[in-house]
Amino acid sequence: MYTVTNPATGERIEEIGNATDEEVRAAIERVHRGYGSWRLRPVTERAAIVARAAELFAERSDELAEIMTLEMGKRINEGRGEVGIVVDIFRYYAEHGPELVADEPLVLRNGAAVIRKEPIGALLGVMPWNFPCYQVARFVAPNLVLGNTILLKHASICPRSAAAIERILHDAGVPEDAYVNVFASSRQVPWMLEDPRIQGVSLTGSEQAGISVAAEAGRNLKRCVLELGGSDPLIVLDTEDLETTVNTVATARMRNCGQSCNAPKRMIVLSELYDEFVDRLAKRVADFYQPGDPADPATKLPPLASVAAADEVAAQIETAIRQGATLRAGGHRVDGPGAYLEATVLTDVTPEMNAYREEIFGPVVLVFRATTEEEAIAIANDSPFGLGASVFGTDPARLRRVADRIEAGMVYFNKSGGSEADLPFGGIKRSGMGRELGALGIEEFMNKKSIRL
Ligand SMILES: O=CCCCC(=O)O
């Protein structure tokens, strides 16, 4: 069942039944057939349609932001910001896509060849609720320019976002059979991947969902991009301005109410700064105790996406405290029908505790003390995940030295994460495989065909 439930109030607003198996099969047939003609359109035409989609996303920014606020509690201005990056992604691929898919000449030892960059067919996208528009954009924009077609299964709490995105793409001129939204259930995903008309799958979601999609993709020899969880480290080596560093860290962790795969979740602070860092951070997150309506731009603490999500994070906090972690701020579910949870700071988390290894997908900061740079790197890498990482410090050589030793798909200096249309995004270890965005993002579902001249 796809449902719209306002996480700020608990009010159930709409229910939509799942597509039947028959309907899902018909949707697969549509994108398969759609591929036949979409791939033959000149790339400049496909890019022009993607450029038009960028304009429509910009025009409908308020509508999309309002939908996201209602469906998953995103603060309204964060929703507008999310649509801003969506517009940028569509514009980036509209502008650069044609050159990214142009033939690449090869000089061989005994002659010449070209690498022709072709699409591979109809693709399945399985997308999450935390960034309902952005996650779809980074999969869809490059693949539409390349010439693949898309069958999109969105999160079950985001049917209105899913429908609004489909409307924009069709209004922009993407043929109805080149992009199809389907209200499929997770149960239907494995057999969708078995279907020979589907050539690949991109999933952004939980580690568990990644395991099951990767297994099914493997069994069926389908290409697969996985963007899964993260427990990104943020190392503070030194700073000339602790207050600004603390503010930057708190804001980054509280973005999207802590529900970002690439949020900094483990702060690793060198001993000299540790005590003051923790005191200031605990005071700073008190700004995020007062629950508010996410539709009100003044609200600092919005709800999580659902009561189940808030309960799960609260249970993780409780377990950490029971296992010996120290609660330095927050830690409580807010009374009432909404999915609210105070911003929380935990210290003294040790490797024996669940919180040390789990991803905590909510407004919770773990702070670790490291006595040396070496120890900070060891703590950062002591995680099953490897999505992003940040290093804060004043010496550029030291930042680079630390970055070189971090096990992650992305490292940021003196800032924390944040997508850019032209910067490849993705992780290693249990954070997934493949890359999205930038020049690499258009290559994942590409046939790099060698043509020997
Ligand atoms: O959940 C991951 C999405 C990251 C979005 C961003 O940082 O811009």
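Whatever order the structure lists them in is the order used to number ligands and atoms, beginning at 1.
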Phe57 and Phe90 aromatic ring geometry - parallel, tilted or perpendicular at 30°/60° bounds: tilted
Give yes or no for whether the N/O distance cutoff of 3.5 Å, strictly under, is met between Ser419 and ligand 1. yes
Check whether the side chains of Ser231 and Ser383 place a donor and an acceptor atom closer than 3.5 Å, and report yes or no. no
Name the orientation class of the two ring planes belonging to Phe445 and Phe139 (parallel below 30°, tilted from 30 to 60°, perpendicular beyond 60°). perpendicular
Quick one: does ligand 1 sit under 4.0 Å from the side chain of Ile85, the backbone, both or neither, non-hydrogen atoms only? neither
Give me the residue, atom name and distance of the protein heavy atom closest to atom 7 (O) of ligand 1. Asn262 ND2, 2.9 Å
For Cys261, the ligand 1 atoms whose distance to one of its heavy atoms is below 4.0 Å: 1 (O), 2 (C), 3 (C)
Taking only heavy atoms of Gln135 into account, list the atoms of ligand 1 that are under 4.0 Å away from them. 1 (O), 2 (C), 3 (C)
Under a plain distance cut-off of 3.5 Å, with no hydrogens placed, do Glu352 and Thr350 share a side-chain donor-acceptor pair? yes
Describe, in one word, how the ring planes of Phe131 and Tyr134 are oriented to each other, choosing from parallel (under 30°), tilted (30 to 60°) and perpendicular (over 60°). perpendicular
For ligand 1, is there an atom lying under 4.0 Å from some heavy atom of Arg255? yes
So is Gly418 close enough to ligand 1, meaning a heavy atom under 4.0 angstrom away? yes
Could you tell me, atom by atom, which parts of ligand 1 come under 4.0 Å of a heavy atom of Tyr134? 3 (C), 4 (C), 5 (C)
Without hydrogens or angle criteria, can the side chains of Ser202 and Glu444 be said to hold a donor-acceptor pair below 3.5 Å? no
Nearest 0.5 angstrom please: Ser306 OG to Asp311 CG, how far? 8.5 Å
Ligand 1 N/O within reach of Asn130 N/O, cut-off under 3.5 Å: yes
